[in-house]
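For reference, the structure is listed below as structure tokens.
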Amino acid sequence: MPELPEIETICCGLKPHLEGRRILSVNVVERRLRCLVDRRLAERLKGKTILQIGRRAKYILISLSCDMVWMIHLGMSGKLIRVDPRTPKQKHDHIVVSLDSGQELRYHDPRRFGLSLVVAENELHELPQLKHLGLDPFDPGFNGSYLYSFTKQSDRRIRDLLLDQQTVAGIGNIYANEILCRVGVRPTTRSRRLTRTQVGEIARMIPTVLNEAIRWCGTSFSDYRDADDKFGEFQHQLRVYDRDGEKCRLCPSPIKRVAIGNRSAFYCPSCQK
DNA sequence: CGGTGGACCTGCTGGC
DNA sequence: TGCCAGCAGGTCCACC
């Protein structure tokens with residue numbers, strides 16, 4: 001579900017309400033996430049002060065006092081919302097955190113593909129989840145040359161290369177398809193066949209599309225909600241994703257859907273070559 | 001090694 | 001109405 005723009009939106013929404021707050025208590029309802037939630041999660045969070053909310057790729061990083069970090073991934077269906085404690089508990093509310101502001105932070109995830117762990121700050125970037133990540137699309141070093149160093153030596157389809165978090169960190173299936181649509185490249189194109197110019201255009205389009213999606217507060221395709229449980233609006237701006245059979249926004253052709261591996265890809269057969 | 005396909009889960013939708 | 005197949009925004013691992 002949530003890709004970089006959705007995670008960024010959630011972080012921005014949580015920041016003013018969480019930073020500086022102290023964690024009073026933690027209730028872990030369901031431990032079986034992608035990685036089993038550590039039995040000591042509650043005791044490690046309890047009493048800590050939340051210093052800062054940040055993000056790396058699709059991981060939410062909550063810096064705590066005592067040089068600890070709470071790292072959360074929302075998988076496909078996860079939500080991290082701030083609510084009044086009187087809000088009725090929902091099925092799949094797996095972790096409930098009470099704050100000294102009188103509010104609660106709830107981690108909700110029906111498919112349980114998400115992850116939650118607390119680590120020492122100096123061990124954070126050695127975690128297997130973060131260690132091999134590629135550059136963030138907003139990193140100053142992310143440009144055409146960087147991306148070309150990956151595309152020129154890969155025979156994979158460009159959609160899959162953009163989904164690979166070791167290439168560039170934060171893109172998922174929705175934005176991979178939207179980015180390629182904007183530069184007129186089919187998702188099925190083999191990376192190696194792309195010219196340096198095309199790769200430059202893709203590299204420039206990545207932060208452009210992600211920034212646009214952040215301005216629209218993310219894409220609520222089905223599950224995604226922000227930190228206040230509100231919908232994003234970028235789904236209305238999508239040009240190809242989930243629009244198979246509908247008319248292209250720039251020409252009369254219907255959008256096509258193909259399977260790459262076992263995931264859908266979408267493109268306009270006239271605009272994308 | 002790089003690349004692919006399936007597994008992990010629940011919930012929703014569409015076809016019969 | 002009910003059942004079942006297929007599909008879903010992510011990641012990881014086994015296998016070729």
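Letters A, B, ... mirror the listed sequences (proteins, then strands); counts begin at 1. All values below were derived from every heavy atom in this structure, side-chain atoms included, with hydrogens, water molecules and symmetry-related copies excluded.
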In whole angstrom, give the distance that lies between atom [atom1] of [X] and atom [atom2] of [N].
X	N	atom1	atom2	value
A/Asp244	C/dC7	CG	C1'	12 Å
A/Asp223	C/dC7	CG	C1'	13 Å
A/Gln129	C/dC12	CD	C1'	10 Å
A/Asn177	C/dA8	CG	P	11 Å
A/Leu33	C/dT11	CG	P	15 Å

Determine, stepwise, if the pair A/Asp228 / A/Arg82 fulfils salt bridge (charged side-chain N to carboxylate O under 4.0 Å, His left out).
CA-CA 6 Å; A/Asp228 295 314; A/Arg82 177 187 60 89; 2.7 Å; yes
Sequence neighbours left out, what passes salt bridge (charged side-chain N to carboxylate O under 4.0 Å, His left out) with A/Asp139? Give chain and number order.
none
Could I get the full list of salt bridge (charged side-chain N to carboxylate O under 4.0 Å, His left out) partners for A/Glu104, not counting sequence neighbours?
A/Lys89, A/Arg106
When all nucleic acid strands are considered with a 4.0 Å heavy-atom cut-off, which category describes A/Tyr241: base, sugar-phosphate, or nothing?
sugar-phosphate
For the pair A/His92 and A/His108, name the ring-plane relationship: parallel under 30°, tilted 30 to 60°, perpendicular over 60°.
perpendicular
Do the ring planes of A/Tyr241 and A/Phe266 sit parallel (below 30°), tilted (30 to 60°) or perpendicular (above 60°)?
perpendicular
Go through [range] and report each residue with a non-hydrogen atom lying under 4.0 Å from DNA chain C, sorted by number.
range	value
residues 253-263 of chain A	A/Arg257, A/Arg263
residues 107-120 of chain A	A/Arg111, A/Phe113
residues 151-164 of chain A	none

Expected output check: what is the dot-bracket annotation of DNA chain B, where ( ) and [ ] are pairs inside the strand (brackets for crossing ones), | is paired with another strand, and pairs are Watson-Crick or G-U under 3.5 Å?
.|||||||.|||||||
With sequence neighbours excluded, tell me which residues meet side-chain contact (heavy atoms from CB on, under 4.5 Å) with [X].
X	answer
A/Arg34	A/Tyr59, A/His73, A/Leu115
A/Asn122	A/Ala120
A/Ser220	A/Tyr224, A/Arg225, A/Phe231, A/Gln235

Carboxylate-amine/guanidinium contact [X] [Y], below 4.0 Å:
X	Y	answer
A/Asp229	A/Lys79	yes
A/Arg55	A/Glu8	yes
A/Asp164	A/Arg156	yes

Ignoring hydrogens and angles, write down the donor-acceptor pairs under 3.5 Å from the side chains of residues 45-53 of chain A, residues two or more places apart or on other chains.
residue	atom	partner	partner atom	Å
A/Lys48	NZ	A/Arg44	O	2.8

Terminal contacting nucleotides, 5' and 3', DNA chain B versus chain A (heavy atom, 4.0 Å)
B/dG3 to B/dG11
Is A/Arg159 reaching over with its side chain to a backbone N or O of A/Ser264, donor-acceptor style, under 3.5 angstrom?
yes
Taking the P atom of each, how far is B/dA7 from C/dA5, in whole Å?
15 Å
For the C1' atoms, the ones on C/dC12 and on B/dG11, what distance do you get once it is rounded to whole angstrom?
23 Å
Restricting to pairs with a member in residues 173-185 of chain A, which pass salt bridge (Lys or Arg N to Asp or Glu O under 4.0 Å), not counting sequence neighbours?
A/Arg182-A/Glu212
Please tell me if A/His73 has a side-chain N or O lying less than 4.0 Å from either OP1 or OP2 of C/dG10.
no
Under a 3.5 Å cutoff, is there a donor and acceptor pairing between the side chains of A/Ser270 and A/Ser253?
yes
